[in-house]
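Here the structure is laid out as structure tokens; the discussion comes afterwards.
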Amino acid sequence: MVSPLVASAVVCASLLVSLRCPAWVSPEGRVPRSRLLLQASSRPRDPSTDRARVLSEQISKAQTAKEVLEKVQDAMNTSIFNEVHLGVAFVALGRNYRSIFSTPFEQSIVNKLSKSAEAMLSNQLLDARTACGTFRAIAVLRKPFPRLQQQLMLPLLETIKFTKLDMTALDASNVLWGCGSFGVRRPHLQDIASICAQVATDRAEELNARSSAPMLWAVASLIAQAPDLRHIVPVLVDACVADWASLNVNNLVDALWSAARLADIAPAALALVPGLVQGLASRAQADELNGQQAKDIVWACRILQVSGATAEVLLSLVAPRVLSQTIRSASKADVMIADLEGAFDSPLFNEFHLAATFSQLGKLRSSLSPAVARGKSMSKFVRCAEEMLNADSVDATACANAFWAIATLRVTAPQLRKLIPALLQIVKFRTRELSATHVANVLWAAATLKLQSKDFDPTFASLADVIVDKAEDFSGSQIAMLIWSVASLKRDVPGLVEAVPVLVDMLEEKADTYEVDPQGLATVLWSAAVLKSDVPGFRDALPVVLQRLERGIKLLTPRDLANIVWACGTLDLQGEDTDALINATLLQARSRLPEFTCQGLASLCWGLSASKRVDVGFLKLLKARVVELAADLDDESAAIDLPSIAWSFSSLGFRSEPMLEAISQRLSSSLSSTLLNHWSLFALAEAYEDEAYQEPGRGLKLFLSQIRDEISARNLLPIKLSTTNEMGPEEWRRHRSHAHHPVADVVAAVGSGSKAQSKRGGA
């Protein structure tokens with residue numbers, strides 16, 4: 001019989017043995033993943049395991065970042081969400097990073113995912129595979145979600161160090177690629193890069209070409225800061241050479257670039273070059289390469305001094321993409337034109353390059369100097385464009401982009417105007433190929449360039465049918481600009497007016513959804529005034545326009561404010577909405593009057609006169625501003641704006657002798673000028689007829705006499721403008737329709753059709 005003392009000793013010994021650290025626990029105190037899996041497999045099957053596995057599959061198979069995050073959002077509120085799902089979610093996000101838009105929803109869920117990761121990392125729940133995959137993912141996601149790097153990098157690196165014995169070659173590849181993406185300017189990243197290189201060397205038998213090519217790129221990226229990484233290059237080269245067929249085009253390009261970077265430091269990389277060039281030449285079709293990859297290939301071939309028939313085939317494939325990248329990445333118009341000068345005579349420069357060049361010229365217009373705009377390089381470009389247009393080798397995109405750029409650069413590069421006849425012919429034959437953005441660009445350009453009826457083919461009016469067919473494809477800003485363009489062109493291409501009712505219907509749907517900004521709405525209001533007799537139903541769409549304009553009045557420019565008052569007066573709008581808008585407009589104009597041109601002042605005066613609004617305080621400010629500007633006006637502005645201002649003041653019964661003296665001094669020597677049309681003479685005569693100004697010795701009496709003499713010299717019958725409803729003679733009205741109103745740039749969309757932007761100018 002065993003004594004109680006011996007029995008107690010046996011129990012104590014058993015407890016001590018059970019508490020002793022098992023042999024399979026790592027020196028760092030962590031249980032290897034293989035042992036954890038063995039333990040898990042011996043446990044009774046839990047029904048929740050199946051649900052967890054299904055969730056992993058759903059997250060992994062998501063096709064967009066939004067879909068990934070929706071799955072994660074639902075799962076994070078359940079008890080089955082674990083470290084495996086976390087790793088799968090990050091990997092799936094990295095795989096779908098092109099569909100990330102950094103929306104508030106995406107930011108919110110990623111922040112929750114990050115906090116969950118921090119908690120799991122602090123509790124040491126992530127194994128090597130999950131930690132390495134997550135590290136690579138946050139390297140991919142560093143731009144849309146920069147906080148991930150700040151919150152997770154250090155704890156992930158600690159976990160990776162802690163689990164290095166469990167890392168596979170693929171895990172090492174993921175981490176080393178992440179280090180290459182981040183750059184090893186920090187010591188802890190250098191340490192991790194060295195650990196991964198050692199793991200890959202020790203597990204060389206696990207390497208294949210698909211895992212080795214990214215590691216080779218990472219080594220090439222890091223070699224300057226971490227030269228010790230060169231020892232792994234022969235291992236990676238052997239793995240790539242052993243399995244060329246599995247490499248995709250991206251891998252091939254990265255490997256060729258890496259070989260060029262490592263040529264001097266790790267000559268073993270040169271063994272890759274013949275196979276890489278052969279593989280790229282046979283598989284790198286133009287549509288598979290982006291511009292940056294094409295530039296990388298050309299750079300690498302130059303550094304490596306690659307030659308031969310295969311290299312020539314490869315370079316002929318990538319050269320057009322290099323041109324595209326040169327154009328797309330240009331930040332200054334002068335530099336771009338200089339860089340492309342040699343290409344303008346090359347057959348490699350095609351219609352896609354032409355479209356992209358025009359688009360970039362328009363976008364970079366502020367950096368195009370007059371010397372380059374009128375220089376040899378620009379002349380070569382114009383000649384190249386002319387040849388392509390005449391050969392009918394230009395598609396609708398190139399045509400629309402060219403039209404837009406010519407209008408945008410009409411002052412800086414006037415020689416581009418010689419392309420307009422050929423472009424109009426392209427529009428004639430490719431009308432049905434034009435997209436909604438193309439139509440908006442072409443019509444905006446035609447209106448901005450002030451093309452006249454003699455410039456247009458009769459078929460140009462058929463664009464009205466295209467507008468109607470594509471009405472639902474136009475954005476709110478494009479609708480506003482189309483209405484403005486049609487209004488500006490109505491006398492030269494009257495057939496376009498047929499499309500306006502459809503555009504107005506679409507505008508009513510979009511005006512209150514903030515798809516049209518306040519400047520666009522000001523443009524619409526001006527267009528309604530110009531088209532009032534052509535589209536009577538336009539007025540029905542104006543109430544919402546007036547309300548939106550009042551709310552956005554502080555965002556408008558002085559020319560927009562002037563156009564609002566002019567349009568309200570011309571349309572004779574009445575009611576509470578109109579009163580509220582004009583009051584808000586005059587309040588803004590009062591504080592910004594020094595910013596107004598004389599043309600803007602003329603519009604303000606005309607609108608107030610037409611609507612019979614007498615604001616004495618505002619009119620006093622107006623006449624003082626006119627006195628300041630009158631003497632320095634150019635001849636055209638003086639002949640058009642000053643008579644309108646004088647007559648408007650007179651029609652309101654608000655006469656100002658100092659203002660009339662300033663106007664008479666400016667115009668007394670130019671009454672016989674052809675710029676001063678008949679309407680202007682009658683307007684001046686009526687403004688200066690007040691008996692108070694006719695006392696002997698007054699200069700105003702002499703000026704009135706000169707006006708009457710000029711009317712007699714032109715054999716005109718006197719008329720009283722204040723008894724008519726005429727806006728003025730047709731010539732004056734037409735000139736103002738082009739010179740006075742806002743314009744808009746509908747930015748051309750190159751290639752896949754990026755969302756167009758708009759920027760407005762005007763009088």
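- Applying the side-chain hydrogen bond (donor to acceptor under 3.5 Å, both in side chains) definition to pairs two or more places apart or across chains, those involving residues 461-471 are Arg432-Asp469.
- With sequence neighbours left out, Glu628 forms a side chain to side chain donor-acceptor pair (under 3.5 Å) with Arg625.
- Here the shortest heavy-atom pairing between Phe403 and Leu451 reads CE2-CD1, 4.4 Å.
- Remark: Asp455 engages no residue in a salt bridge (Lys or Arg N to Asp or Glu O under 4.0 Å) (not counting sequence neighbours).
- Applying the side-chain contact (heavy atoms from CB on, under 4.5 Å) test to Ala413 and every residue at least two apart in sequence or in another chain returns Leu368, Ala373, Leu409, Leu416.
- Under the 3.5 Å distance criterion, with hydrogens and angles disregarded, a donor-acceptor pair is assigned to the side chains of Ser477 and Ser475.
- A donor-acceptor pair is defined here as one N or O able to donate and one able to accept, closer than 3.5 Å; no such pair exists between the side chain of Asp334 and the backbone of Val372.
- Within 6.0 Å of CD in Glu498 there are 12 or fewer heavy atoms belonging to other residues, nucleotides or ligands.
- A salt bridge links Arg613 with Asp579: the closest approach of a Lys/Arg side-chain nitrogen to an acidic carboxylate oxygen falls below 4.0 angstrom.
- Here ring pair (Phe, Tyr, Trp, His ring centres under 6.0 Å) pairs that include residues 460-483, with residues two or more places apart or in two chains, are Phe456-Phe460.
- Between Leu389 and Glu386, the closest side-chain pair of non-hydrogen atoms is not below 4.5 Å.
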Inset, instruction - Report the C-alpha separation of Asp641 and Ser644 in whole Å, then their side-chain angles, then the decisive distance to 0.1 Å, and conclude whether the side chain to side chain donor-acceptor pair (under 3.5 Å) test is met. - result: CA-CA 5 Å; Asp641 298 321; Ser644 174; over 6 Å; no

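- The main-chain N or O of Gln452 is never found under 3.5 Å from a side-chain atom of Arg491 such that the two would form a donor-acceptor pair.
- For the pair Ser527 (side chain) and Thr523 (backbone), a donor-acceptor distance under 3.5 Å is present.
- Panel note: side chain Ser705, backbone Lys701; no donor-acceptor pair is recorded below 3.5 Å.
- For Ser609 (side chain) and Cys605 (main-chain N/O), no donor-acceptor pair under 3.5 Å exists by modelled atom type.
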With a cut-off of 3.5 Å and sequence neighbours excluded, list every side-chain donor-acceptor pair involving residues 587-595.
residue : atom : partner : partner atom : Å
Ser591  : OG   : Gln588  : O            : 2.9
Arg592  : NH1  : Leu556  : O            : 2.6
Arg592  : NH2  : Glu595  : OE1          : 3.3

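- For Ser377, the side-chain contact (heavy atoms from CB on, under 4.5 Å) partners are Ile337, Glu341, not counting sequence neighbours.
- Look at Arg548 and Asp577 and you find no salt bridge, because none of the NZ, NE, NH1 or NH2 atoms lies under 4.0 Å from a carboxylate O.
- Residues satisfying the salt bridge (Lys or Arg N to Asp or Glu O under 4.0 Å) criterion with Arg417, sequence neighbours excluded, are absent altogether.
- Considering only residues two or more places apart in sequence or on other chains, Asp572 meets the salt bridge (Lys or Arg N to Asp or Glu O under 4.0 Å) condition with none of them.
- Every residue two or more places apart in sequence or in another chain was checked for a side chain to side chain donor-acceptor pair (under 3.5 Å) with Asp709, and none qualifies.
- Using cut-offs of 30° and 60° on the angle between ring planes, the pair Tyr688 and Phe703 is perpendicular.
- In terms of the salt bridge (Lys or Arg N to Asp or Glu O under 4.0 Å) criterion, residue partners of Lys428 (sequence neighbours excluded) are, by chain and number, Asp457.
- Qualifying side-chain contact (heavy atoms from CB on, under 4.5 Å) partners for Ser672, counting only residues two or more places apart in sequence or in other chains: Glu710.
- In this structure, the side chains of Asp615 and Leu608 stay at 4.5 Å or more apart for every pair of heavy atoms.
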